[in-house]
Each structure stands twice: as structure tokens, then as C-alpha cells.
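First comes the structure, then the notes that go with it.
The structure displayed is predicted, hence computed values, not measured ones. A note on names: the letters A, B, ... follow the listed sequences, proteins ahead of strands, and every chain is numbered from 1.
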Protein chains: 2
Amino acid sequence: MNLLDIGEVADRSGVAASALRYYEELGLITSAGRKGLRRQFGPEVLLQLSLITMGKAAGFSLQEVAGMFGKDGQPDLPREQLHARADALEAQIRELTLLKEALRHVADCPAPSHLECPKFQKLLRAGSITAEV
Amino acid sequence: MNLLDIGEVADRSGVAASALRYYEELGLITSAGRKGLRRQFGPEVLLQLSLITMGKAAGFSLQEVAGMFGKDGQPDLPREQLHARADALEAQIRELTLLKEALRHVADCPAPSHLECPKFQKLLRAGSITAEV
DNA sequence: TTGCCAATTGAAGCCAGCTTGAGGTCAAGG
DNA sequence: CCTTGACCTCAAGCTGGCTTCAATTGGCAA
């Protein structure tokens, strides 16, 4: 059988064994059984972990990610939520882009105080989050 | 004088007063002085807070934000490092863009199991985040 | 059979980033 | 002058996502 020890899964997925146990506790993954005390994982867990890792990177909490999987690890995805999250990602990407431009500006603009440089202020104000200054 | 009470700053910036005190403790912002016990903030703090908020939204820790922009929005870093930072941001933006596309795909793809959809797998593998499956 | 070493458990600890609470101060308005 | 309420400090608490620890079990190679 191609069942995997937790250490094997940890190595292959890059997720720490302790984290795997934690995920199992939360119900994000399931072990196929035990050999003695030891959990044995089926190979599909690796793909599930990719999804989990991706979901985390996308800004979902583990609870939210858990909500995206049916009991059998089949994704059961709430379209609306996904689009909402994609929108949030887009917003974050915009922020990152602004930040990037701000950094480049600061690196290149010879003005003594950037906070007073109109170009810089414009960048700041472009953030949706920005206070009304 | 146009100095601001902490409550005023909180209102205008949308950042809670307790958070402002915390930021000051960390050295991210500075109060211009005190009136009795009360901190008085100069108006430039609002711009600084924009920067901080933007950095946070972009996923940086407060320490990192502090490193990018010192007080006054003056960077503590030499040009070269700033550009390196900006490059790193660009990479991060590419990652997030992939992620975003993966999310949209999942939201819209009618395949019964995304894990088996080749398009999806390709997206997964495009991310550096993915385990070697 | 023995011994090693990976895996097990439950509880506790850790970090960031604040928030909350208790108890105290003080500037301004009536 | 007195009250009010916004502010102060310091310490403790909270959430999420793990990690670490101590004590124990048991699979597998020799």
C-alpha cells in the first residue's frame, strides 16, 4: 500500500508534522488509519495540503478552508466566497503595487521629505484604505 | 496650533486610539508632545498612518513597515535595498495574481473535482507554494 | 529479542497585534 | 469650583496557528 507516515507527508508537503496533527484535529485532513499508534495518510492528502497552503496564502483562515472541503476531502466551494476572496486579493494586489511604487519613488526621488512630495502624497491617497488627510 | 488629540487622530485615520499608543510604543509614530498627560500629534502622523495601513494591507508586519519607512516616511534603507524590496514585491504580486486566477477558476470551473482538472493543477503547480505532488 | 528511533498524547508556551480593564489624571465648560 | 469625560498607565487577556515538552508506545532492523 502507498500509505504515508506523518513524517513522509511532512517531508513531501513541507508542512510540519505538528501542523499536520493540528490540521487533522481541526478536520482539515483525515488519516486513512493507524498502524499501531501511527497515522497513515493516503496520497490524496498531498493535494489537499496544496489547497490548504494555497488557501492560507490567499488569506483564508483554516476554518474557512475547512469549510471548502466536504467530508471526503472533495472541495465543496462556495462560489460567492471565492469571488469575494479573489476581489480581496485584487485589492491587496493594488495595495502592493502602490507600495512598490512608493518604494521606488522613495528610492529615486531626491526630495528631502517624501511626505511633502506631492507625487508621493498622490500615491498614498491612491490607497483605498487611506485616511482623509 | 494644529495639533491633534489621540481621539481626533483615531477618528480621522480610522486607527483605534489603543493601536496608536501601541504604534508609538513601537516607534512607528511619534507624538509632538503632551498637553498635560495627553499626547498631541502633528498632522503628518495621518500620512504616516496611511503608509502604515497600506503596508499592513499589503501583508507586511509592523516591523517590516517600520523598516521601509522610518518616521517622517524617510526610509532607513539604502537605495539598493529599496529596489530589492520593490523587486520582492513584484514577485509577491505575481504569486498573488496566480492565486487569484486559481480562485476564479475554482469558482467558475464546472468540473466535478478540481483536483483532477488539468487547468487547475497547472495553476497549482505554477505557484511556488505548492508541494511536489 | 532487543534496542533504536519515529510517532503518540495533552498541556503548555509563543508570537503578533492589538483590546480590555482597573484605577488615576487633568483641561475645559458651566 | 466642580464635574465630566477624554485621556493616561500598566498589566492582563485574546485569537489564530502552530511549536515544544515530557512521558510513553510500538514498528522494524539486527
Does A/Ala17 reach a base, just sugar-phosphate, or nothing at all? Heavy atoms under 4.0 Å.
nothing

Rounded to whole Å, how long is the line connecting atom CZ of B/Phe41 with atom P of D/dC7?
11 Å

A/Leu4 CG to C/dA7 C1', straight-line distance once rounded to whole Å:
15 Å

Nearest-Å distance, CD (A/Glu64) to P (D/dT15)?
17 Å

Taking D/dT19, C/dT9, C/dC18 as options, the one with an atom nearest any side-chain atom of A/Arg34 is C/dT9

A/Leu49 CG - D/dC18 P separation (whole Å):
11 Å

Give, for atom CG of A/Leu99 and atom CG of A/Leu124, the distance between the pair rounded to the nearest 0.5 Å.
9.5 Å

Side chain to side chain contact (heavy atoms under 4.5 Å, CB included), paired with A/His83, selected from B/Leu103, B/Asp108, B/Val106:
B/Asp108

B/Lys56 NZ to C/dG17 C1': how many Å, rounded?
7 Å

Restricting to pairs with a member in residues 58-67 of chain B, which pass side chain to side chain donor-acceptor pair (under 3.5 Å), not counting sequence neighbours?
B/Ser61-B/Glu64

DNA chain C: 5'-proximal contact among A/Gln40 and B/Leu26 (nearest heavy atom):
A/Gln40

Do the side chains of B/Leu26 and B/Val9 join up, straight or via other hydrophobic residues, at under 4.5 Å, putting them in one cluster?
yes

Reading nucleotides 24-30 of chain C from 5' to 3' and marking B where a protein heavy atom lies under 4.0 Å of the base, S where only the sugar-phosphate is that close, and - otherwise, the string is -SSS---

For B/Arg39, which contact category applies under a 4.0 Å heavy-atom criterion: base, sugar-phosphate, or nothing?
sugar-phosphate

Given C/dG17, C/dT19, C/dT9, the nucleotide with the shortest approach to the side chain of A/Arg21
C/dT9

So if I take every side-chain heavy atom of B/Ile6 and compare against D/dC8, D/dT19, C/dT8, which nucleotide ends up nearest?
D/dC8

Roughly how far, to the nearest 0.5 Å, is the CD1 atom of B/Ile6 from the CG atom of B/Leu20?
5.0 Å

Separation of C/dC18 C1' from B/Leu20 CG (nearest whole Å):
12 Å

Shortest side-chain distance from A/Ser18, nucleotide among D/dT20, C/dC18, D/dG17
D/dT20

Of all the nucleotides listed (D/dT20, D/dC7, C/dC18), which has the minimum atom distance to the side chain of B/Asp5?
D/dC7

Could you check B/Gln40, B/Glu24, B/Arg38 and say which one makes a side chain to side chain donor-acceptor pair (under 3.5 Å) with B/Ser31?
B/Glu24

Specify the separation, in whole Å, of atom CD of B/Glu25 and atom C1' of D/dA12.
14 Å

Rounded to whole Å, please give me the gap between OH in A/Tyr23 and C1' in D/dT19.
13 Å

Quick one: sort the A/Phe120 and A/His105 rings into parallel, tilted or perpendicular, breaks at 30° and 60°.
parallel

